[in-house]
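In what follows, a structure is listed as structure tokens, so that the remarks can point back to it.
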Amino acid sequence: MTHPERATTPTNQAGWQALAGQLTHEGRAYVNGAYQWASNGETFASISPLDGRTLTNVASCDSIDADLAVAAARDAFNSGIWSQLAPAGRKAVLIRFAELIEAHGDELALLETLDMGKPISHARAVDVPASARAIRWTAEAIDKVYGELAATPHNQIGMISREPMGVIAAIVPWNFPMIMAAWKIAPALATGNSVILKPSEKSPLTAIRLAALAEEAGIPSGVFNVLPGYGHIVGRALALHMDVDCLVFTGSTNVAKQLMIYAGQSNMKRVWLEAGGKSPNIVFADAPDLKKAAAEAASAIAFNQGEVCTAGSRLLVEESIRAEFIELIREALKTWRPGHPLDPATTCGAIVDQAQLDRIIEYIGIGQSEGATLVEGGQRVMEDTGGLFVQPTVFDGVNNNMRIASEEIFGPVLSVIGFRTAEEAITIANDSIYGLAAAVWTSNLNTAHRVAKALRAGSVWINHYDGGDMTAPFGGFKQSGNGRDKSLHAFDKYTELKATWLVIE
Ligand code: NAD
């Protein structure tokens, strides 16, 4: 595999296209320190949503590969080469891993864009640095967390410690392939576990590439493995495996529920789930800056083509400003027109694949047949490129019971719902099976806190959308999942709590 060294990041589409022409793509699985094809020899095509071109063939792993990877991960764990390394030792290796991700930033950003369609400027400015930051932040924390001593009688000592679980299977989605992987593998590895990463079949290339960088950073063979393949084949095999101790997942609520069943049918492995969302973005008439609120509402539905678990897909607007606010959003969406993902000026890229595009178009039709008013977008565009593009779309006059308001579309389709009082806004906001995120815009401190407290969501943002950094835990209430990624709380998912009690004779 050759990866071109470049001194500078390309500044235009031609530059990125030239770099893309020089890339070769690794499609093999990475097991026990070596790249290898699936044992059954099967592959699937990794197709770029930019133009329908096949980027490469990827190993389609199955249960035999899962067995091999789990055995390698278990042997590595039992050997102690990583699990018993001092936290400061694991920290040093993981920081090197983060540095290598940064050093290969252009290449990784390009892979992410070619594979899943997001704009190159976002892949380079968001996905690459956020992935490196997740690994570095977590690594820097791991030698600073302590256990506890219980409040014992004088002749006893109660030590409460955390131990790595063993073999972790991490199953991740396609919308932020590298960031979602980093949020899992950073705390899993930092706490001393062995990991098997199962990327989405729609966007496996950066995960496969990360394996080589992990090896270069010094992560020992067997400690980090990558198994590309279909969810219902290799994902299922990992979830049902009797020697996987813990399953961490980001993806849809339906698959998340299935994973809980698999755990119950097998070894009761721990299951931590980050699932879907239908997040309410609540704008009161007294929002401090309506133009800013509209700009962020537009970004909340158009960033990453709306393929974001926390997308602000339900916009709740106080009736007195609804018409004015919709015009502000339509204006703001002018900066989110679909464009070629390799053009650094593009803000809205391609939809990940034909199935997802069909789903979005179907929901736009559903919104119209449900009686909502289409006020912006609604069309597939740039079809002549061979790529998969759709206009950011806004429906007004939406009722929270409509399917476009209750079901996760995972595309740039916004439902605008009017409200008259804070109580009504809270009721509508919480009337959802999901509880991932929510935002409230108001100048009134009391309204802000009253609404924020009442919202049943893992993240609540006041007068902005999608805030937070590595210090903030991230995850959902209700059917948006359990457990938290990021922050020190993430360590809880990857460790068992042990109480060791000593009576002094
Ligand atoms: P998905 O559930 O279809 O797939 C996610 C992963 O699960 C993929 O790797 C897939 O191969 C695997 N999978 C599918 N079926 C499986 C099975 N039977 N057994 C084991 N593994 C299986 O989700 P997606 O379409 O890749 O991603 C979109 C979804 O992810 C959306 O619902 C979105 O809200 C959610 N998401 C949530 C968060 C969050 O943090 N809460 C973040 C990003 C995306």
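By convention here, the first residue in the shown sequence is residue 1. Computed from a predicted structure; not experimentally measured.
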Using salt bridge (charged side-chain N to carboxylate O under 4.0 Å, His left out), reason through D51 and R53 one step at a time and then give a plain yes or no.
CA-CA 5 Å; D51 50 16; R53 199 167 52 93; 3.6 Å; yes
Would you call R484-D492 a salt bridge at under 4.0 Å N-O?
no
Quick one: do V58 and T56 satisfy side-chain contact (heavy atoms from CB on, under 4.5 Å)? Show the steps, please.
CA-CA 6 Å; V58 176; T56 189; 4.1 Å; yes
Full working for side-chain contact (heavy atoms from CB on, under 4.5 Å) between R209 and H25:
CA-CA 8 Å; R209 180 70 181 115; H25 304 293; over 6 Å; no
In the structure I gave you, are the side-chain heavy atoms of W137 and D469 within less than 4.5 Å of one another anywhere?
no
Separation between CG (L273) and CG (N482), nearest 0.5 Å, reads 4.5 Å
Is there side-chain contact between D485 and K184, with at least one heavy-atom pair below 4.5 Å?
yes
Could you go through the side-chain contact (heavy atoms from CB on, under 4.5 Å) check for L110 and L342 one step at a time?
CA-CA 8 Å; L110 193 50; L342 289 182; 3.6 Å; yes
CD1/I233 to CG/L238 distance, rounded to the nearest 0.5 angstrom?
12.0 Å
Does either side chain, that of S252 or that of N254, offer a donor lying less than 3.5 Å from an acceptor on the other one?
no
Check: S279 side chain, A438 main-chain N or O, donor-acceptor pair, under 3.5 Å:
no
Answer whether the closest heavy-atom distance between the side chains of T138 and M470 falls below 4.5 Å.
yes
Taking atom types as modelled and ignoring hydrogens, do the side chains of S46 and D115 form a donor-acceptor contact shorter than 3.5 angstrom?
yes
Look at the side chain of T385 and the backbone N and O of G387, then say whether any donor-acceptor pair between them is shorter than 3.5 Å.
yes
Could you check whether any side-chain heavy atom of T113 comes within less than 4.5 Å of a side-chain heavy atom of P119, counting everything from C-beta outward?
no
Hey, are T442 and D286 close enough side-chain-wise for a donor-acceptor pair under 3.5 Å?
yes
Heavy atoms of other groups near M382 CE, more than 12 under 6.0 Å
yes
With a 4.5 Å heavy-atom cut-off, do P338 and V390 have their side chains touching?
no
Salt bridge or not between R359 and E362? Use side-chain N to carboxylate O under 4.0 Å.
no
Please determine whether the number of non-hydrogen atoms from other residues, nucleotides or ligands lying under 6.0 Å from atom CZ of R236 exceeds 12.
no
Exercise: do K257 and Q479 side chains pair donor with acceptor under 3.5 Å:
yes
Can you confirm whether or not the ring centre of W183 sits under 6.0 Å from the ring centre of F474?
yes
Partner of P177 under side-chain contact (heavy atoms from CB on, under 4.5 Å), chosen from S131, S203, P199:
S203
For the residue pair R314 and N400, confirm or rule out a side-chain donor-acceptor distance under 3.5 Å.
yes
Which heavy-atom pair separates Q13 from D343 by the least distance, and what is that distance?
OE1-CB, 3.5 Å
So with a 6.0 Å cut-off around CZ of R456, is the heavy-atom count from everything else above 12?
no
Evaluate whether atom CD of E383 has more than 12 neighbouring non-hydrogen atoms of other residues, nucleotides or ligands under 6.0 angstrom away.
no
Indicate yes or no: at least one non-hydrogen side-chain atom of L227 is less than 4.5 angstrom from one of L197.
no
Flag for W174-D353: side-chain donor and acceptor within less than 3.5 Å
no
Taking the side chain as everything from C-beta on, heavy atoms only, tell me whether F284 gets closer than 4.5 Å to W441.
no
Would you check if the side chain of T253 reaches a backbone N or O of G276 as a donor-acceptor pair within less than 3.5 Å?
yes
Do E274 side-chain atoms and F249 backbone N/O form a donor-acceptor pair below 3.5 Å?
no
Are E423 and R420 ion-paired here, with the side-chain N under 4.0 Å from a carboxylate O?
no
Min side-chain heavy-atom separation F410-V308 under 4.5 Å
no
Give me the ring orientation class for F303 and H122: parallel if the planes are under 30° apart, tilted from 30 to 60°, perpendicular past 60°.
tilted
With distance as the sole criterion, is a donor-acceptor pair present between the side chains of T9 and D106 under 3.5 Å?
yes
